[in-house]
Amino acid sequence: MTEHQRDTVSGLLAEIADVGRDGRRGGYSRPVHSPPEHELREWFVEHAERRGLDVETDRNGIIWAWHGGVGPGALVTGSHLDSVPGGGAFDGPLGVASALVAFDELTARGVTDRRAIAVFPEEEGSRFGLACLGSQLMTGVVTPEHALGLKDVDGRTYAEVARASGFDPERFGADPEALGRIDTFVELHVEQGRGLIDLQRPVAVASSILGHGRWRITVEGEGNHAGATLMADRRDPMVAAAQIVLAIRSLASLVTDARATVGRLIPTPGGTNVIASRVDVWLDVRHPDDTTVQTLVERIREAATLLAAEEGCTATLVQESFSPTVDFDAALRDDLARELGNAPILGTGAGHDAGVLKEKVRTAMLFVRNPTGVSHSPAEHVEDPDAEAGAAALADSLAFLSGR
Ligand code: GLV
Ligand code: MN
Ligand code: MN
């Protein structure tokens with residue numbers, strides 16, 4: 001390793017504290033392949049190279065930083081650098097910064113096993129609508145044809161944006177070679193709930209990820225003039241969309257443990273003095289039982305059709321993505337919890353690249369306490385000592401896996 005001052009997680013995050021700040025929404029907006037996300041990727045590469053790691057960016061835009069040379073049998077950790085709109089500072093970057101610090105610690109301890117840090121693009125799906133796009137492409141869960149045709153709000157396809165960012169879209173797709181190099185993947189992430197606050201512990205090991213998916217309800221009516229159209233003459237998809245949002249809330253509230261959210265409503269054309277002709281309602285539904293998710297979505301589809309018809313509109317519901325409930329490897333989970341001083345074991349309602357990889361390789365996750373319990377918001381937080389405790393737990397986990 002090249003000689004350098006030992007970094008801390010909080011010190012690394014302080015270096016990127018101004019990248020992608022969103023003055024309008026608050027917090028950070030770092031969509032994939034935006035200038036801030038590119039700046040973060042460069043920041044990571046610089047840190048990896050400073051440590052003498054071999055850096056490569058694969059055909060799906062995943063950055064890999066290798067210790068001990070590129071090859072099979074690697075212990076891999078990492079996370080993502082993109083954010084939701086107006087997100088917090090920790091969702092993603094905490095895992096990347098902790099990986100760098102954990103690698104330094106392993107080097108200091110003389111652990112020489114092959115290991116890599118992976119940085120996955122478009123984990124949030126906030127630009128192209130499909131979460132964990134990099135890992136879903138690598139594992140072949142999503143086809144390149146589907147991924148490359150996805151559009152951002154400006155109508156630019158993933159293919160166009162990736163090409164403009166220096167990638168060759170022709171090469172996107174399942175990458176069994178990259179996947180085959182991973183022995184075990186461990187992702188560290190800020191906790192996105194209150195579990196650790198209530199337990200008064202800094203670090204947990206993950207048990208599961210709630211099944212989740214995204215659907216788009218397109219409500220179509222008649223675009224018209226806000227002043228010249230009598231109330232009785234309107235077929236307003238915004239009014240139907242409002243009724244549909246309320247119905248989603250009511251229907252989901254009837255199902256124990258269900259979560260249903262409409263966080264994005266896109267009117268076309270979107271003018272104050274214009275009755276919209278169309279509204280796209282993006283729906284996120286989650287539940288531990290995958291069949292229950294599908295049943296709830298069917299109820300929402302029926303309600304949307306009826307409510308749209310009452311306004312003289314139509315509603316069509318299309319599934320954009322679905323990720324089944326994930327239970328992490330029980331033996332690994334228990335081993336890590338024991339190694340980390342009987343760390344608590346917690347489930348999460350949030351999706352992660354680790355959940356996608358779990359279907360193909362042995363995978364675990366660590367969560368670091370978030371004293372606000374809030375995430376996907378500028379209020380997300382991690383105290384400095386907890387961030388360092390998280391990186392130490394990651395180093396201990398990787399050291400344990402090296403020694404098996
Ligand atoms: C990502 O954080 C998600 O759960 O949607
Ligand atoms: Mn995340
Ligand atoms: Mn997130």
Side-chain angles (χ1 to χ4, degrees), residues 13 16 20 22 25 27-32 37 40 44 62 77-99 117-136 141-142 185-193 195 204 206 208-216 257-264 282-288 293 319-326 328 346-358 363-368 370 372-382 387 390 394:
L13 293 178
I16 55 172
D22 191 325
R25 298 183 179 98
Y28 295 91
S29 292
R30 298 160 165 170
V32 69
E37 199 249 6
L40 293 184
F44 171 73
I62 302 165
T77 182
S79 194
H80 61 100
L81 292 169
D82 64 300
S83 78
V84 294
F90 301 91
D91 179 353
L94 182 72
V96 175
S98 300
I117 302 173
V119 178
F120 293 93
E122 184 66 329
E123 191 272 350
E124 299 289 4
S126 53
R127 182 160 182 184
F128 292 100
L130 212 162
C132 298
L133 198 46
S135 56
Q136 297 219 59
V141 175
V142 166
F185 179 68
V186 183
E187 178 170 359
L188 175 144
H189 205 278
V190 59
E191 198 203 347
Q192 295 171 289
S208 59
I209 296 179
L210 216 53
H212 57 284
R214 295 180 183 189
W215 291 262
R216 188 162 38 92
D257 288 337
R259 291 131 209 224
T261 307
V262 175
R264 194 151 75 110
W282 282 80
L283 169 68
D284 180 309
V285 178
R286 308 187 187 213
H287 190 276
V293 172
Q319 179 173 301
E320 293 286 336
S321 60
F322 181 67
S323 304
T325 289
V326 166
F328 287 108
L346 295 175
T348 178
H352 300 285
D353 293 301
V356 177
L357 292 189
K358 188 264 162 186
T363 301
M365 282 192 81
L366 305 181
F367 297 130
V368 177
N370 171 359
T372 66
V374 174
S375 187
H376 285 185
S377 149
E380 178 185 273
H381 188 63
V382 174
L394 181 60

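One-based numbering, in listed order, for ligands and for the atoms of each. Just so it is clear, the model here is predicted, and its values are computed rather than measured.
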Three-point angle Glu124:OE1, the Mn ion (ligand 3), His376:NE2, rounded to the nearest 10°: 80°
For the Mn ion (ligand 2): the N/O/S atom of His189 at shortest distance: NE2
His80/Asp91 under side-chain contact (heavy atoms from CB on, under 4.5 Å): CA gap, chis, key distance, verdict: CA-CA 8 Å; His80 61 100; Asp91 179 353; 3.0 Å; yes
Angular separation of NE2 (His80) and OD1 (Asp91) seen from the Mn ion (ligand 2), to 10°: 90°
Shortest protein contact, atom 1 (C) of ligand 1 (heavy atom only): Glu124 OE1, 3.2 Å
Expected output: side-chain Arg259 to main-chain Arg286 donor-acceptor under 3.5 Å: no
Donor-acceptor under 3.5 Å (Asp82 side chain, Glu124 main chain): yes
From Ser126 atom OG to Glu37 atom CD, the distance as rounded to the nearest 0.5 Å: 9.5 Å
Leu94 vs Ser79 side-chain heavy atoms within contact, under 4.5 Å: no
Side-chain heavy-atom pair Tyr28, Ile16 within 4.5 angstrom cut-off: no
Contacting atoms of ligand 1, where contact means under 4.0 angstrom from a heavy atom of His376: 1 (C), 2 (O), 3 (C)
For Ala350, the ligand 1 atoms whose distance to one of its heavy atoms is below 4.0 Å: 4 (O)
Closest to atom 5 (O) of ligand 1 among Arg286, His352, Arg214, Gln192 (heavy-atom distance): Arg286
Polar contact flag for Gly351 and ligand 1 (N/O pairs, less than 3.5 Å): yes
